[in-house]
Amino acid sequence: METEHKIDVKQALRVFDRATKEGKKLDDGWHYHGITASTDFDGYTVFLSTPKVQLSIFFHNKFTVDYKTAFELEEFVELLKRLDKS
C-alpha cells in the first residue's frame, strides 16, 4: 500500500493536539504514550515521531514520512489509530 494511503493527516493532527494538551513537555517536544510531538520555529510544520518513524505535516496538509521498513510504518500507523481512539 502506498504511504499516502496509510497516513490519515486529520487523525495525525488530532493526535498532535492531544499530545500537546495531555503529554509531558520536555525540551524536544511533548511526549505522549510513545510518540513525540513538536513544531518548527513558526508552528507551520508539525512533527510526530517515534524512535523509528518521523511524520512531518506541512501547510495545506502535505506531509512526508521517514521510515526504514514497511513494518515500522505499520506500527506507527497503528499507534496513531490507538492514540486517536483512546
Side-chain angles (χ1 to χ4, degrees):
M1 183 180 282
E2 294 290 323
T3 301
E4 58 268 14
H5 297 292
K6 290 186 177 188
I7 300 294
D8 180 340
V9 174
K10 290 180 182 180
Q11 177 184 65
L13 290 171
R14 286 192 302 268
V15 171
F16 177 85
D17 184 57
R18 180 176 236 175
T20 59
K21 290 178 179 172
E22 299 176 21
K24 182 176 182 177
K25 177 71 168 120
L26 299 175
D27 289 339
D28 62 341
W30 294 268
H31 292 254
Y32 182 72
H33 296 284
I35 205 158
T36 302
S38 59
T39 66
D40 65 351
F41 68 96
D42 62 7
Y44 281 106
T45 303
V46 301
F47 306 100
L48 289 171
S49 61
T50 64
K52 297 178 182 179
V53 177
Q54 179 167 317
L55 172 64
S56 305
I57 304 173
F58 308 103
F59 200 59
H60 295 301
N61 292 341
K62 304 286 186 211
F63 69 90
T64 62
V65 61
D66 295 318
Y67 61 97
K68 291 185 180 171
T69 69
F71 180 74
E72 291 172 352
L73 178 61
E74 198 58 45
E75 282 183 323
F76 183 80
V77 169
E78 289 303 314
L79 178 60
L80 290 178
K81 287 178 186 177
R82 282 195 313 275
L83 294 178
D84 188 38
K85 289 180 183 177
S86 62

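Atom-to-atom distance recorded for Q11:CD and D84:CG is 4.5 Å, nearest 0.5 angstrom. Atom-to-atom distance recorded for F63:CZ and T45:OG1 is 14.0 Å, nearest 0.5 angstrom. Taking OG of S49 as the start and CG of D66 as the end, the distance is 10.5 Å to the nearest 0.5 Å. Between atom NZ of residue K62 and atom CD1 of residue I57 there is a gap of 13.0 Å, rounded to the nearest 0.5 Å.
Take E74 and apply the side chain to side chain donor-acceptor pair (under 3.5 Å) test, not counting sequence neighbours, and it matches K6. Judged as a salt bridge (Lys or Arg N to Asp or Glu O under 4.0 Å), and not counting sequence neighbours, the contacts of K81 are E78. Looking at residues two or more places apart in sequence or on another chain, you find a salt bridge (Lys or Arg N to Asp or Glu O under 4.0 Å) between K21 and D17. Under the rule for a side chain to side chain donor-acceptor pair (under 3.5 Å), the partners of H31 that lie at least two apart in sequence or sit in another chain are D28, T36. In this structure E22 satisfies the salt bridge (Lys or Arg N to Asp or Glu O under 4.0 Å) test together with R18, sequence neighbours excluded. Take R82 and apply the salt bridge (Lys or Arg N to Asp or Glu O under 4.0 Å) test, not counting sequence neighbours, and it matches no residue. By the side chain to side chain donor-acceptor pair (under 3.5 Å) test, T39 pairs with no residue at all, sequence neighbours left out. Qualifying side chain to side chain contact (heavy atoms under 4.5 Å, CB included) partners for A19, counting only residues two or more places apart in sequence or in other chains: Y32, A37. K25 pairs by the side chain to side chain contact (heavy atoms under 4.5 Å, CB included) definition with W30, not counting sequence neighbours.
Side-chain contact between F16 and I35 is absent, with no heavy-atom pair separated by less than 4.5 Å. Within the 4.5 Å cutoff, side-chain heavy atoms of L13 are placed close to those of V46.
A pairwise comparison of heavy atoms in G34 and L79 identifies O-CD2, 4.0 Å as the closest pair. The two atoms that bring A12 and L80 nearest to each other are CB-CD1, 4.3 Å, heavy atoms only.
Apart from F71 itself, the hydrophobic cluster it occupies contains nothing, where clustering links Ile, Leu, Val, Met, Phe, Trp and Tyr at side-chain heavy-atom distances under 4.5 Å.
Residue D42 qualifies as enclosed at atom CG: its count of foreign heavy atoms under 6.0 Å is above 12.
Listed by first then second residue, pairs satisfying ring pair (Phe, Tyr, Trp, His ring centres under 6.0 Å) with a partner in residues 37-61 read Y44-F59, not counting sequence neighbours.
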(request) Mind running side chain to side chain contact (heavy atoms under 4.5 Å, CB included) on L73 and I7 for me, showing each step along the way? (result) CA-CA 9 Å; L73 178 61; I7 300 294; 4.2 Å; yes
